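Each remark here refers to the structure printed beneath this line.
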Amino acid sequence: DFICESFPGQFKNWFYSLLVMSTVLENTNPAKTIFGFALVRDEKGEEMHKSKGNAIEFNTAAEKIGAELMRWMYVRQNPAYNLNFGWKLAEETKRKLLTLYNAFVFFNTYVKKDEFPNGKEIKPKSVRNVSPASNAFGVADAGVNVLDKWIISKLNNLIKKVTENFDKYNPGVGVLAIEDFFINDFSLWYIRRSRERFHSHNSDRGEAVKTFYFVLLGLVKLIAPVMPFFAEEMYQIIKTEKMEESVHLLSWPE
C-alpha cells in the first residue's frame, strides 16, 4: 500500500528496480503509493558529515530535544525540499508547540476536573444548536457566544483540511494548518478574548468551558498520528472516567 524512502537516493535504485521488476515479472504495480522525500542538511543547508563536525546523530538529538519535537519538525516539512536540522531551528519549533501546551495548562488552571464536560455534554451549544434560519442572516443562536461559533467553525475547517491532506499522503500541509490554528485562531484570538469568561462570576463560563474542551479534544486527536506521546499526555490531562483510556482508541474527528 505504501512505501517511502529518500527520493534523491532511491529514485534510480530501489524505486526504479521495484517498478521494472514488478512490471516485467508480474505485470502489475509494486505499490499503490510511493512517497519520496529530500535530504536532511545542517542549519546552514550544508551536507552533514562527521569529518566536518556538523553531523547530528539521532540518539543525540532525541536525548537533547525529544523525539516528539523531531517528529513535528520532519512532518511539517515540505518533502520536496531539504530539511535543515539543528538546535536553533528545533528551539523555534519548540516555542510554537509550547503555545499548544500552554492552552492545556490554561484550561487545567482555570477549570477543575469535576467541571469537565462528560458524555453528551462534551458538545457545546455552538455545535448542538445550529439554526440555519438565523445563521443565514448572520445572527448568533440564543445563548451562543459568537466567539464559540467562530472557533468551532475554524476547527471544522481544520479537520476537513487535515483529513484530506493526510489521506493524500500530504501531511506537511495538514500539520502546518494545525500549527496555524493553535497559534493564531485558538491562542491569539479565541483564548485571549475569552479569558474573562472563565471568571467564576461570569454567566457565560459554562459554554466557554465546553467549547474550550471540545477544541482541545479535537486537537489531541489531530496531532496524535504525528506526536503520539505528546498527544497522549495532553489527553490524560482532559480525560474523564467515562472516556477511552487512550487518545489512540478514539475515533478520528469528523
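Counting from 1, the numbers follow the sequence of the chain as shown. Quick caveat, the model's predicted, so the values are computed rather than measured.
- N82 places no side-chain N or O within donor-acceptor distance of the main-chain N or O of G45, the cut-off being under 3.5 Å.
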### Message
The test is side chain to side chain contact (heavy atoms under 4.5 Å, CB included); show your working for E43 and N84 and say whether it passes.
### Response
CA-CA 5 Å; E43 287 186 319; N84 293 345; 5.5 Å; no
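- Seen from the ring of W189, R193 counts as a face-on cation partner, given the 6.0 Å and 45° thresholds.
- Taking a 6.0 Å sphere around NZ of K52, one finds it holds more than 12 heavy atoms contributed by other residues, nucleotides or ligands.
- One distance of note links CG of L222 with CD1 of I178; it measures 5.0 Å at 0.5 Å rounding.
- S194 approaches Y190 most closely through the heavy-atom pair OG-O, 2.8 Å.
- With respect to E57 and K50, a salt bridge is recorded, a charged nitrogen being found less than 4.0 Å from a carboxylate O.
- Ionic pairing of E244 and K239 is not present here: no N-O contact between side-chain nitrogen and carboxylate oxygen is shorter than 4.0 angstrom.
- Side-chain contact check for T93 and W72: no donor-acceptor pair (N or O, by modelled atom type) lies under 3.5 Å.
- Linking ILVMFWY side-chain heavy atoms closer than 4.5 Å, directly or via other members, places F37 and V40 in two distinct hydrophobic clusters.
- Atom-to-atom distance recorded for L250:CG and E245:CD is 11.0 Å, nearest 0.5 angstrom.
- Looking at E115 and R205, a side-chain N of the basic residue comes within less than 4.0 Å of a carboxylate O on the acidic one, giving a salt bridge.
- A distance-only check finds a donor-acceptor pair linking the side chain of H248 to the backbone of P228 [under 3.5 Å].
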### Task
Tell me, with the steps shown, if D148 and R197 meet side chain to side chain contact (heavy atoms under 4.5 Å, CB included).
CA-CA 11 Å; D148 295 341; R197 299 173 66 200; 2.8 Å; yes
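- Nearest heavy-atom pair across M73 and A90 is SD-CA, 3.7 Å.
- Proximity of the aromatic rings of F85 and F58 is defined here by a centroid distance below 6.0 angstrom, and this criterion is not met.
- Within the model, atoms CD1 of I223 and CZ of R71 stand 12.0 Å from one another, a figure rounded to the nearest 0.5 Å.
- If you take CE on M227 and CE on M234, they are separated by 9.5 Å, rounding to the nearest 0.5 Å.
- One hydrophobic cluster, built from ILVMFWY side chains closer than 4.5 Å, holds both L219 and L98.
- Counting heavy atoms from C-beta on, the side chains of M48 and R41 never come closer than 4.5 Å.
- In the displayed structure, E46 atom CD is contacted under 6.0 Å by more than 12 heavy atoms of other residues, nucleotides or ligands.
- E164 has a carboxylate O that lies under 4.0 Å from a charged side-chain N of K160, or vice versa, which qualifies the two as a salt bridge.
- Under the 4.5 Å side-chain criterion, counting only non-hydrogen atoms from C-beta, F116 is not in contact with V209.
- Atom CG of N27 has 12 or fewer heavy atoms from other residues, nucleotides or ligands within 6.0 Å.
- Aromatic ring pairs are classed by plane angle as parallel below 30°, tilted from 30° to 60° and perpendicular above 60°; the pair Y101 and F230 is tilted.
- Under the 4.5 Å side-chain heavy-atom criterion for Ile, Leu, Val, Met, Phe, Trp and Tyr, F181 and V173 are members of distinct hydrophobic clusters.
- Using a 4.0 Å cut-off between charged nitrogen and carboxylate oxygen, D180 and K161 do not count as a salt-bridge pair.
- Both F166 and I159 sit in one connected hydrophobic cluster of ILVMFWY residues. Membership requires side-chain heavy atoms under 4.5 Å apart, directly or through other members.
- Cluster annotation: V215 is connected to V105 through the hydrophobic network of ILVMFWY side chains, with a link wherever side-chain heavy atoms come within less than 4.5 Å.
- For the atom pair CG (L158) and CG (D185), the distance works out to 8.5 Å, reported to the nearest 0.5 Å.
- I3 is listed as a side-chain neighbour of L18, based on a closest heavy-atom distance under 4.5 Å.
- Using a 4.0 Å cut-off between charged nitrogen and carboxylate oxygen, K88 and E91 do not count as a salt-bridge pair.
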### Task
Please lay out, stage by stage, how W150 and N145 fare under the test side chain to side chain contact (heavy atoms under 4.5 Å, CB included).
CA-CA 9 Å; W150 177 78; N145 189 294; over 6 Å; no
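- Shown here for T99 and I183, the closest heavy-atom pair between the two residues is CG2-CA, 4.1 Å.
- Annotation for K113: atom NZ counts as buried by contact number, over 12 foreign heavy atoms lying within 6.0 Å.
- When each of F186, Y110, F104 is paired with F212, the ring pair (Phe, Tyr, Trp, His ring centres under 6.0 Å) condition holds for F186 and for no other.
- When every heavy atom of I56 is checked against every heavy atom of G86, the shortest pair comes out as CD1-CA, 4.1 Å.
- The two residues E232 and S246 come nearest to each other via the heavy atoms OE1-OG, 2.7 Å.
- Few gaps surround CD on E68; more than 12 heavy atoms of other groups in view lie less than 6.0 Å from it.
- The side-chain tip of K221 does not point at the ring of W252 from less than 6.0 angstrom away and within 45° of straight on.
- Between L19 and P30, some side-chain heavy-atom pair lies under the 4.5 Å cut-off.
- Here the straight-line distance linking atom CG of L89 with atom CG of L69 works out to 10.5 Å at 0.5 Å rounding.
- Note: F7 and F35 fail the aromatic proximity criterion, with ring centroids not under 6.0 Å apart.
- Here the closest non-hydrogen pair linking I238 and Y213 is O-OH, 2.5 Å.
- In this structure, Y16 places its OH atom where only 12 or fewer heavy-atom neighbours from other residues, nucleotides or ligands lie under 6.0 Å away.
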### Query
What's the verdict on side chain to side chain contact (heavy atoms under 4.5 Å, CB included) for V111 and F106, showing C-alpha distance, side-chain angles and the deciding distance?
CA-CA 8 Å; V111 183; F106 176 89; over 6 Å; no
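- In this structure, S6 and L39 have side chains that are in contact, with non-hydrogen atoms separated by less than 4.5 Å.
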